[in-house]
Number of protein chains: 2
Amino acid sequence: MATRKKNSTYSRNETIIIECDLTYAVNKIGGRWKILILSKLETQKYRFSELKKELPYITERMLTLQLRTLEEDGLVKRTVYAEVPPRVEYELTEMAKEFGPIFKQLSEWGGKHRNAIIKV
Amino acid sequence: MATRKKNSTYSRNETIIIECDLTYAVNKIGGRWKILILSKLETQKYRFSELKKELPYITERMLTLQLRTLEEDGLVKRTVYAEVPPRVEYELTEMAKEFGPIFKQLSEWGGKHRNAIIKV
DNA sequence: TGTGGTACGAACAAATATGTAACTAATGGC
DNA sequence: GCCATTAGTTACATATTTGTTCGTACCACA
């Protein structure tokens, strides 16, 4: 087999595409779980295990990964209390709270048009 | 190796999660290219080859796939003209046009907070 | 000594998303 | 007949995302 270019266009495209502010924003909230997590945190702080209960189908691994990403992206603040057993609280940052009204509109769009399709 | 459960939670989770209107909406516009395509079509109709020129880094295959998905989701209307060589035009549906103001806000969010991070 | 709760981490596996390269049908123009 | 054009399609390769399973550190408490 000839050796192939490794990982050229895939990664390059990613950086190029993110130059679009809109794509950038959607990427922050894309994926299977991020929105659900952010929605929960909109109303209150949660501990890791509480979030897990709220999202029964997520695995601990996914919850961890998503929370880490959200933290890196500045959407979630993580606070560790040095106790035993450990306690860690997650809450939205100001930046994430600005999504609030946008989420509302997106949610309305979803409700409206999903029903439209189902009814047909 | 013991045979493993095939595809249990992955697909099941997808259907469960989509019950959230917000996640449903974001899934419609998620992925690498959909937003860029929709943004182009916000201003005018485009032929396949014109879209390709506007999005130089997308491959024909990806453009086809994304347009098909957008069509299935009712966001894009595809019109084929029985000519040779063929002519196919893509335009937004009313449903997709409703994303307009939301896109604007998301884009503003992206511009604002990306710059914030870069400046740090 | 042993058990339990919390918030993870690591190794592996399955599923999906994206990219590469080559190919096609139809037909007007040469 | 031969070529160029348009809008794809097909087979394959690679990259990323998501899920499964098992394990761990800490210490209070029985």
Side-chain angles (χ1 to χ4, degrees), chain A residues 1-18 23 26-27 29-37 45-71 76 78-90, chain B residues 1-18 23 27 29-37 45-53 55-71 76 78-90:
Chain A
M1 321 304 156
T3 54
R4 301 193 150 261
K5 297 182 214 167
K6 284 181 186 172
N7 178 24
S8 61
T9 310
Y10 192 96
S11 300
R12 193 162 48 84
N13 273 350
E14 181 158 28
T15 63
I16 288 167
I17 286 162
I18 296 299
T23 302
V26 173
N27 270 31
I29 59 175
R32 180 161 286 194
W33 301 106
K34 282 184 193 169
I35 283 179
L36 296 170
I37 294 171
K45 292 184 189 180
Y46 276 98
R47 298 180 59 176
F48 185 88
S49 56
E50 291 170 341
L51 271 177
K52 178 106 204 313
K53 273 177 213 152
E54 293 286 329
L55 305 171
Y57 299 107
I58 198 172
T59 62
E60 293 181 352
R61 171 183 148 79
M62 274 300 117
L63 184 53
T64 302
L65 287 177
Q66 300 306 307
L67 285 170
R68 288 286 180 280
T69 306
L70 290 169
E71 195 190 354
V76 159
R78 179 168 178 266
T79 310
V80 183
Y81 296 91
E83 302 172 0
V84 171
R87 182 161 63 97
V88 180
E89 282 185 351
Y90 294 92
Chain B
M1 312 311 150
T3 54
R4 297 192 154 261
K5 296 183 213 165
K6 285 182 185 175
N7 180 22
S8 61
T9 311
Y10 192 96
S11 300
R12 193 162 48 84
N13 272 351
E14 180 157 28
T15 65
I16 288 167
I17 285 164
I18 296 299
T23 303
N27 271 31
I29 58 173
R32 180 163 287 195
W33 300 105
K34 283 184 192 168
I35 283 179
L36 295 170
I37 295 171
K45 292 184 188 176
Y46 276 99
R47 297 179 61 175
F48 185 87
S49 54
E50 291 170 341
L51 271 177
K52 179 110 203 308
K53 273 176 213 152
L55 305 170
Y57 299 107
I58 197 172
T59 63
E60 293 179 352
R61 172 182 146 81
M62 273 301 117
L63 184 52
T64 302
L65 287 176
Q66 300 306 307
L67 285 169
R68 289 283 181 280
T69 306
L70 290 169
E71 196 191 353
V76 159
R78 178 169 177 266
T79 309
V80 183
Y81 296 90
E83 303 173 358
V84 170
R87 182 159 63 97
V88 181
E89 282 184 350
Y90 294 92

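Residue numbers begin at 1 in each chain, while the letters A, B, ... track the order of the sequences. Note that these values count all heavy atoms, side chains included, but never hydrogens, waters or copies made by symmetry. Please read all numbers here as calculations on a predicted model, not as lab measurements.
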| End axis versus end axis in the helix from C:dT1-D:dA30 to C:dC30-D:dG1, the angle rounded to 10°, five pairs used at each terminus | 30°
| Rounded to whole angstroms, how far apart are CG on B:Leu63 and P on C:dT20? | 15 Å
| Can you find a side chain N or O atom of A:Ser49 that sits less than 4.0 Å from OP1 or OP2 on C:dA7? | yes
| Taking only side-chain nitrogens and oxygens of A:Gln66, does any of them come within less than 4.0 Å of OP1 or OP2 of D:dT18? | yes
| query | Nearest nucleotide by nearest heavy atom, which residue falls closer to the 5' end of DNA chain C, A:Leu67 or A:Ile17? | reply | A:Leu67
| field | Partners passing side chain to side chain contact (heavy atoms under 4.5 Å, CB included) against B:Ser49 (at least two apart in sequence or in another chain) | value | B:Arg47
| query | Between A:Ile17 and B:Arg32, is any pair of side-chain heavy atoms under 4.5 Å apart? | reply | yes
| field | Closest-nucleotide ordering on DNA chain D, the 5'-leading residue of B:Thr64 and A:Gly31 | value | B:Thr64
| To the nearest 0.5 Å, how far apart are CD in B:Glu71 and CZ in B:Arg78? | 5.5 Å
| said: Counting only side-chain heavy atoms from C-beta out, which of C:dT6, D:dT20, C:dC8 sits nearest to A:Val88? | reply: C:dC8
| message | Measuring to OP1 and OP2 of D:dG8, would you say a side-chain N or O of B:Arg78 lies under 4.0 angstrom away? | response | yes
| query | Counting side-chain heavy atoms from C-beta on, which of D:dT18, C:dG19, D:dA7 comes nearest to B:Trp33? | reply | C:dG19
| task | Please state how far atom CD1 in B:Ile18 lies from atom P in D:dT18, giving the value in whole angstrom units. | result | 12 Å
| query | How long is the line joining CZ of B:Arg12 and C1' of C:dA14, in whole Å? | reply | 15 Å
| note | Within residues 52-62 of chain A, those residues having any heavy atom closer than 4.0 Å to DNA chain C are A:Glu60, A:Arg61
| task | Return the value, rounded to whole Å, for the distance between atom CZ of A:Arg87 and atom P of C:dC8. | result | 13 Å
| query | Taking atom P of D:dT17 as reference, at what distance in whole Å does atom NZ of A:Lys34 sit? | reply | 8 Å
| Check against side-chain contact (heavy atoms from CB on, under 4.5 Å), B:Ile37 and B:Lys34 | CA-CA 5 Å; B:Ile37 295 171; B:Lys34 283 184 192 168; 5.7 Å; no
| said: Check the phosphate of C:dA15 against B:Ser11, side-chain N and O only, distance under 4.0 Å to OP1 or OP2. Yes or no? | reply: no
Show which side-chain atoms of residues 51-63 of chain A pair as donor or acceptor with protein atoms under 3.5 Å away, not counting sequence neighbours.
{"from": "A:Glu54", "atom 1": "OE1", "to": "A:Lys40", "atom 2": "NZ", "distance (Å)": "3.0"}
{"from": "A:Thr59", "atom 1": "OG1", "to": "A:Met62", "atom 2": "N", "distance (Å)": "3.2"}

Quick test: give all pairs of protein nitrogen or oxygen and nucleotides 28-30 of chain D nitrogen or oxygen below 3.5 Å, distance rounded to 0.1 Å.
none

| said: Assess the residue pair A:Leu65 and A:Trp33 against the criterion (side-chain contact (heavy atoms from CB on, under 4.5 Å)); give the C-alpha distance rounded to whole Å, side-chain angles, the decisive distance to 0.1 Å, and a yes or no. | reply: CA-CA 10 Å; A:Leu65 287 177; A:Trp33 301 106; over 6 Å; no
| message | Just verifying a value: how many Å separate B:Thr9 OG1 and B:Arg12 CZ, rounded to the nearest 0.5 Å? | response | 5.0 Å
| field | Under the side chain to side chain contact (heavy atoms under 4.5 Å, CB included) test, residues paired with B:Thr64 that sit two or more places apart | value | B:Phe48, B:Arg68
| Between C:dA17 (C1') and B:Ile29 (CD1): distance, integer Å | 17 Å
| task | Could you tell me whether B:Glu14 contacts a base, only the sugar-phosphate backbone, or nothing, with contacts defined as non-hydrogen atoms closer than 4.0 Å? | result | nothing
| message | What's the closest nucleotide to the side chain of B:Arg32 if the choices are C:dC8, C:dG19, D:dG8? | response | C:dG19
| Distance check: side-chain N/O of B:Tyr90 vs OP1/OP2 of D:dG8, anything under 4.0 Å? | yes
| Distance in angstrom units between B:Glu83 CD and D:dA7 C1', rounded | 13 Å
| note | Sorted by position of nearest nucleotide on DNA chain D, 5' first, the leading residue of A:Leu65 and A:Pro86 is A:Leu65
| Can you tell me if the side-chain N/O atoms of A:Tyr46 get under 4.0 Å from OP1 or OP2 in C:dT6? | no
| query | How many angstroms lie between atom CG of B:Leu70 and atom CD1 of B:Ile29, to the nearest 0.5 angstrom? | reply | 10.5 Å
| remark: B:Phe48 CZ to D:dA7 C1', in whole Å, measures 6 Å
| field | A:Asn13 vs C:dG19: side-chain N/O to OP1/OP2 distance below 4.0 Å | value | yes
| remark: Interatomic distance, CD1@A:Ile16 vs CD1@A:Ile18, rounded to 0.5 Å, equals 11.0 Å
